[in-house]
Amino acid sequence: MPELPEVETVRCGIAPILEGQTLTNLVVRRANLRIPFPPNMVDRLKGQDITTVGRRAKYLLVRFANHDVLLIHLGMSGRMTIHDSATAPEPGKHDHVDFVTKGGKTLRFNDPRRFGLMDLTTEEELGAHRLLAELGPEPLGNEFNGDFLADALVERSQPIKAALLDQTLVAGLGNIYVCESLFRAGVSPRRKARNVGDKKARLLASVIVEVLREAIDAGGSSLKDHRQASGEMGYFQHNFSVYGREGEPCPGCTCDHEKSGGIQRIVQSGRSTFFCAERQR
DNA sequence: ACGAGAACCTGTTTGC
DNA sequence: TGCAAACAGGTTCTCG
């Protein structure tokens with residue numbers, strides 16, 4: 001489920017547990033997720049000191065004092081939970097990895113579908129890593145703005161929905177936040193990227209930043225409420241405008257819902273798109 | 001070269 | 001009620 005805001009929420013939740021800690025133990029309970037675990041991962045990381053927990057697109061970056069960097073992707077169903085090591089529950093079927101710190105905490109990675117992955121690289125080789133090298137700019141970074149998006153869209157003939165999901169164009173958007181952003185900007189998901197137009201492209205860029213920031217803020221506040229209770233983070237109920245709302249009236253739309261059918265669900269390149277055909281042109 | 005579709009997995013929801 | 005189909009927030013490969 002995690003898109004950029006959820007990954008950022010997970011990062012905020014696990015950073016205080018990991019940063020400045022020694023990784024006293026690393027328990028890996030199977031050979032692979034989407035790809036094999038690095039064969040030497042446990043030997044290489046056990047006993048190392050963690051410096052920071054960062055993020056690039058939907059990847060978590062756990063940095064170590066010796067310049068090793070662990071890449072973690074949560075896939076569709078990856079979760080992290082925090083436990084006191086002394087009282088951590090018996091690992092369940094999909095609890096694939098435990099990170100145990102000197103400070104007495106266990107960070108547990110759970111992923112039923114196993115679309116997640118972990119890989120190991122170094123600070124020096126990070127930029128050239130195959131999983132990161134082709135990524136577009138961070139949507140919340142300086143590079144991403146109206147100029148950038150307008151220029152990028154002109155070169156693409158695919159539907160705008162597909163263009164925004166392409167991680168090489170801009171990195172970190174997923175199905176939900178693309179739907180939400182297109183709704184807020186009033187752009188039809190079916191419109192070809194190159195036909196979005198300069199003005200709408202610029203609006204879209206600012207709306208994307210807005211939507212992501214709001215989601216991160218919501219995650220931050222839910223993290224505060226949620227964490228001491230369950231130890232789980234990154235999954236919270238959002239108030240989406242269109243995502244998952246097929247058949248409901250379009251929020252804030254003055255058009256005739258009976259006539260327009262409200263929010264529609266269509267399938268684009270195998271994924272659900274939710275939108276209001278009246279408002280989004 | 002590009003886009004659509006399938007594949008990778010398991011769990012949950014929906015529909016007959 | 002029960003079972004099968006559809007569906008799920010991601011990525012990557014194949015095929016036309």
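Numbers restart at 1 for each chain; the letters A, B, ... are given by sequence-line order, proteins then strands.
A salt bridge links Asp147(A) to Arg202(A): one of the charged nitrogens lies within less than 4.0 Å of a carboxylate oxygen. The residues Glu3(A) and Lys58(A) are annotated as not salt-bridged, no charged nitrogen and carboxylate oxygen being separated by less than 4.0 angstrom. Under the 4.0 Å criterion applied to side-chain N and carboxylate O atoms, Arg11(A) and Glu8(A) are assigned as salt-bridge partners.
For Arg114(A) and dC8(B), the CZ to P distance is 12 Å, given to the nearest whole Å. Separating the CD atom of Glu155(A) from the C1' atom of dC2(B) is a distance of 15 Å, rounded to the nearest angstrom.
Taking atom P on both dT14(C) and dC9(B), the two are 16 Å apart, rounded to the nearest angstrom. Rounded to a whole angstrom, the distance from the P atom of dC7(C) to that of dG5(B) is 14 Å. Comparing the C1' positions of dG3(B) and dA8(C) gives a spacing of 23 Å, expressed to the nearest Å.
Counting only heavy atoms from C-beta on, Arg113(A) has its side chain closest to dA8(C) among dT11(C), dA8(C), dG11(B). Distance from the side chain of Ser272(A) is smallest to dA8(C) among dT11(C), dT10(B), dA8(C).
In this structure, Gln167(A) reaches the sugar-phosphate backbone alone: every heavy-atom distance under 4.0 Å involves primed, P, OP1 or OP2 atoms, never a base.
The side chain of Ser77(A) places no N or O atom within less than 4.0 Å of a non-bridging phosphate oxygen (OP1 or OP2) of dT10(B).
The aromatic rings of Tyr177(A) and Phe240(A) sit perpendicular to each other, their planes meeting at more than 60°, with 30° as the lower class boundary.
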